[in-house]
There are 2 protein chains.
Amino acid sequence: MNQKRADTIAEQLEALILEGAFADGDRLDEVQLAERFDVSRTPLREALQRLAISGLVEHIPRRGVFVRQPGPVELMEMFEVMAELEAACARLAATRINDDALEEMREANAKCLTAVEARDADRYYIENERFHAILYRQSGNGFLEEECRRLHRRLTPFRRRQLHLRGRMPQSMAEHEAIVAALERGDAAAAADEVRRHVAVQGEKFHHLMAGLKAAG
Amino acid sequence: MNQKRADTIAEQLEALILEGAFADGDRLDEVQLAERFDVSRTPLREALQRLAISGLVEHIPRRGVFVRQPGPVELMEMFEVMAELEAACARLAATRINDDALEEMREANAKCLTAVEARDADRYYIENERFHAILYRQSGNGFLEEECRRLHRRLTPFRRRQLHLRGRMPQSMAEHEAIVAALERGDAAAAADEVRRHVAVQGEKFHHLMAGLKAAG
DNA sequence: GTCAATCATCTTGTATACAAGAAAGTTATT
DNA sequence: AATAACTTTCTTGTATACAAGATGATTGAC
């Protein structure tokens, strides 16, 4: 159950941060966390360093590590980059994708549709993930695929929330279909544009969501 | 002179790897390197972990860390991603750049031209770096800027080599000017295309270079 | 009473000691 | 002689001990 290796600690800490267990600017106390995970400071420090590099925390020498929850501006920036990266995937995939993969995407989309009809946001989320994973893969560029996964992973909690917005799931579905259509035609520019817009919309929706929460609170 | 902090060690090791001091698959011995840098294994291990995350070395649990020099395929993939990231910068910069920054780019280009005329590849390289740095900045997206810098840094040694190819510097210059022209017109699509091609060419040139070396050896 | 300086305490950073797993060498058996 | 099992040695991973810098408190001076 409680794996104690340095990399698993990093994963657990990352999950904690991503799910918002810490506020922005919170200092992560080495000894405290070491106790919590029942390890010494050595492996814990290694885990913290990992998080520092991936940008989830900031390491200030001789001061400690502090969680860095992205603010609205940085989030928009990250969504913008995600949009460009996925657009690149689409652009490349348009000329590289084969019929089997296209069929896979259609399948994923069909399952998305089922989820939409069942108003099952969790299910939709999972199938949506699958759709995007295929897109990354079909870029035919393993490095790009990895970069996409990295950022995708980081944006997970925020993407997830905007899905619950009224009418977002059907809209997202329609965008998916437009993407597949462009890929089928082998229209690289159109595929890139569709994907870019699809992801950018996620960022905007999330932004609206945050603004709404602020206004309500 | 010999700074001994963990992050500086990471930098020095990174430089060593990037400049090809180790062959692909070489194991990096902790105690050996610790002696070499005159530190204990603890800070050295932290440095190695950093390199592992940035992908320069692979860490296999209980086995050690091994340098991972990118092969031709991975290099092409990285250049392709670099091209897409920089194209994204250009696309965004086309609508966000201001006159001052445009002037800066023209300046950098002028200095590039001076270097070309002097056949000074090192000087050209530096001014070329500056040109691209401005482009990243003018995307108006700090996160994108950082991502670009990260990958740019990783590709440095390879980009540097292809510059010495016959006729490459004047060609690169011309591409720069086309980029600035597109940005001046505020033509996002054209700017993106020009930049994408400019960077993609670097990858291709490097590929040719490698193929040539292989044939010669 | 406030501000500054010194001192105590706490936290990070590094070294060393120890534990556990992997590789290699040796020996015994077939 | 070849192979398999065991043992030795080496390397990585973790814990603890120690050093050094940073923070905060207390005391003294103005």
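Chain identifiers are assigned alphabetically (A, B, ...) following the order of the sequence lines, protein sequences preceding nucleic acid strands; residue numbering begins at 1 within each chain. Predicted model, so just to flag it, every value in this text is computed and none were measured.
- With sequence neighbours excluded, the residues forming a side-chain contact (heavy atoms from CB on, under 4.5 Å) with Lys111(B) are Glu127(B), listed by chain and number.
- You'll find that the side chain of Val39(A) is closest to dA15(D), out of dG13(D), dT12(C), dA15(D).
- Here the P atom of nucleotide dT12(C) and the CG atom of Leu28(A) are 10 Å apart, to the nearest Å.
- Rounded to a whole Å, the CD atom of Glu35(A) is 14 Å from the C1' atom of dT11(C).
- A salt bridge is defined here as a Lys NZ or Arg NE, NH1 or NH2 lying under 4.0 Å from an Asp or Glu carboxylate O, and Glu14(B) with Arg50(B) fails to meet this definition.
- Between dT11(C), dT12(D), dA15(C), one nucleotide has an atom nearer to the side chain of Asp29(B) than all others, and that is dT12(D).
- The distance from atom CZ of Arg45(A) to atom P of dT16(D) is 16 Å, rounded to the nearest whole Å.
- Salt bridge status for Arg36(B) with Asp38(B): absent, with no side-chain N to carboxylate O gap under 4.0 Å.
- Using a 4.0 Å cut-off between charged nitrogen and carboxylate oxygen, Arg96(A) and Glu80(B) count as a salt-bridge pair.
- Under 4.0 Å is where a charged nitrogen must lie from a carboxylate oxygen, and between Arg160(A) and Asp122(A) at least one such pair does.
- The interatomic distance linking Leu44(B) (CG) with dT12(D) (P) rounds to 10 Å, in whole Å.
- Annotation: proximity of residues 54-64 of chain A to DNA chain D (heavy atom, distance under 4.0 Å) is found for Arg62(A), Arg63(A), numbered in ascending order.
- A straight line from CD of Glu46(B) to P of dA15(C) spans 11 Å, rounded to a whole angstrom.
- Look at CZ on Arg41(B): it is 14 Å from C1' on dT16(D), rounded to the nearest Å.
- Rounded to whole Å, the distance from CZ on Arg50(B) to P on dG13(C) is 10 Å.
- Each of Ser40(A) and Arg27(B) was matched to the nucleotide of DNA chain D holding its nearest heavy atom; the match closer to the 5' end belongs to Arg27(B).
- Between Arg196(A) and Glu84(A) there is a salt bridge, since a side-chain N of the basic residue sits under 4.0 Å from a carboxylate O of the acidic one.
- Taking atom CD on Glu30(B) and atom C1' on dT16(C), their separation rounds to 14 Å, with Å as the unit.
- Using a cutoff of 4.0 Å between basic side-chain nitrogens and carboxylate oxygens, Glu19(B) and Arg161(B) are not scored as salt-bridged.
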